[in-house]
Amino acid sequence: MQLMWAMPGGGGAGALPIVQAHGGESGHGSHQLSAVWTCPRQWWLRYRRLMLLVKENGWRMSGTLIHLALSYRYAAMMEQVPAWVHEKSLDEELEHDAEGLGDAGKARETIATVRDVMREYTWKYEGEPWVPVAVEEQISMRLGDMREARAGEDKSLDDVVVTCRPDLVVRCPDGLLRLVDHKTTSDAHWRDKDMLPDWPEDGGSYRVPWQMMLYLWIARHHMGQAEISGFVINRIKRTKGWKSGRYDMDRHELRIPVTFYEKVPEIVRATVAREREVERAVERGEKPIGLPWACHGPFGPCDYVDWCTAPTNRHRGALLGQPVLKDDDEELPEQKYKIVKRAA
């Protein structure tokens, strides 16, 4: 099966064939791969037990909805508009996803902010230099196609499927393709709240961008080194500047460190092996270890900090919304998590 990324003005002759890997285990994305090193328990709860928040965080929902609106914007600009654009309108999708906030008032407020952001985005990039080639399309490959097992290594890892879903693939004025990742942020992490922080000369937190390196490696494997020139971060401030009254936004091309980029297959293989170690430990009856330094990060607490700090199984049952017998004077938490079924 081939995934065809339509080229503007194209059709069959102008399409870019991306071979999707089949068979083997279900896809491993960049976030799942990094999570097992961040905290094995967090990885287990999210990607194996499939335990999710009942109500989504407000700041995360805001970013999700802006990503959704951007996907509709760029999909509508394609020569061959994807079918999903016609299946459900952007307004319907925004309202459906915002229900995850669990508060109708917050949902309306968040959607209004998203529309405000998109009006400014459309105004700023009215003469859009990017020609969209693909929007939210998943590509994947077998780990064995990245690098086959060597002598003494676990050959079963060769069938593990690694996936990526770039927010956007565009053709730029220089004729080359670039992958684009939309990054939304508020004003909580720097002192000057009016504008985005200056882009650091060394790339700052994007100096060694794991997600982008993996995406580039997989895309270039299928399309060739020369076709995809690099990766762009499309920054959008999702809160208005208190002086300007506007949403700041800019774009920056990443410098990918070759020393790490060349090691992507090794990093993925070592990470999947680590996942297997955690799974085998659970099969032996051991609990995945929780790492306390992962309980709070730069964007707030881990989703599972309440679960990991719950004093009793009754508290954990209450967090999952299960009927729980309790003592008369015992206070139990409201439901915070739900277990979702794995897609067939």
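Positions are given from 1 along the sequence. Note: hydrogens, waters and symmetry copies are ignored here, and every other heavy atom, side chains too, is used.
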Check this for me: does any side-chain nitrogen of one of [X] and [Y] sit under 4.0 Å from a carboxylate oxygen of the other?
X: R60; Y: D303; result: yes
X: D154; Y: R150; result: no
X: E137; Y: R165; result: no

> Can you list every pair that meets salt bridge (Lys or Arg N to Asp or Glu O under 4.0 Å) and has a residue in residues 100-120, with sequence neighbours left out?
Replying inline: D91-R115, D116-R119, D116-K240, E120-R246
Acceptor/donor pairs from residues 210-217 side chains to any protein atom, 3.5 angstrom cut, sequence neighbours excluded:
unit_1	atom_1	unit_2	atom_2	d
W210	NE1	S30	O	3.2
Q211	NE2	Y215	OH	3.2

>> Quick check on the 6.0 Å ring-centre criterion: do W44 and Y304 meet it?
In response: no
>> The criterion is salt bridge (charged side-chain N to carboxylate O under 4.0 Å, His left out); which residues satisfy it with E99, sequence neighbours excluded?
In response: none
> If you look only at pairs with a residue in residues 123-132, which of them pass as a side-chain hydrogen bond (donor to acceptor under 3.5 Å, both in side chains), with sequence neighbours excluded?
Replying inline: R73-E128, Y74-E128, E128-R251
> Pairs in or reaching into residues 281-294: which pass side-chain hydrogen bond (donor to acceptor under 3.5 Å, both in side chains), with residues at least two apart or in two chains?
Replying inline: R284-E286
>> Can you list everything that forms a side chain to side chain donor-acceptor pair (under 3.5 Å) with E148? Sequence neighbours excluded, please.
In response: none
> Which word best sums up how the rings of W84 and Y72 line up, parallel for under 30°, tilted for 30 to 60°, or perpendicular for over 60°?
Replying inline: perpendicular
>> Do L45 and L320 land in one hydrophobic cluster if side-chain heavy atoms of ILVMFWY residues count as linked below 4.5 Å?
In response: yes
>> Could you tell me if Q322 and Q335 have a donor-acceptor pair between their side chains, going purely by distance under 3.5 Å?
In response: no
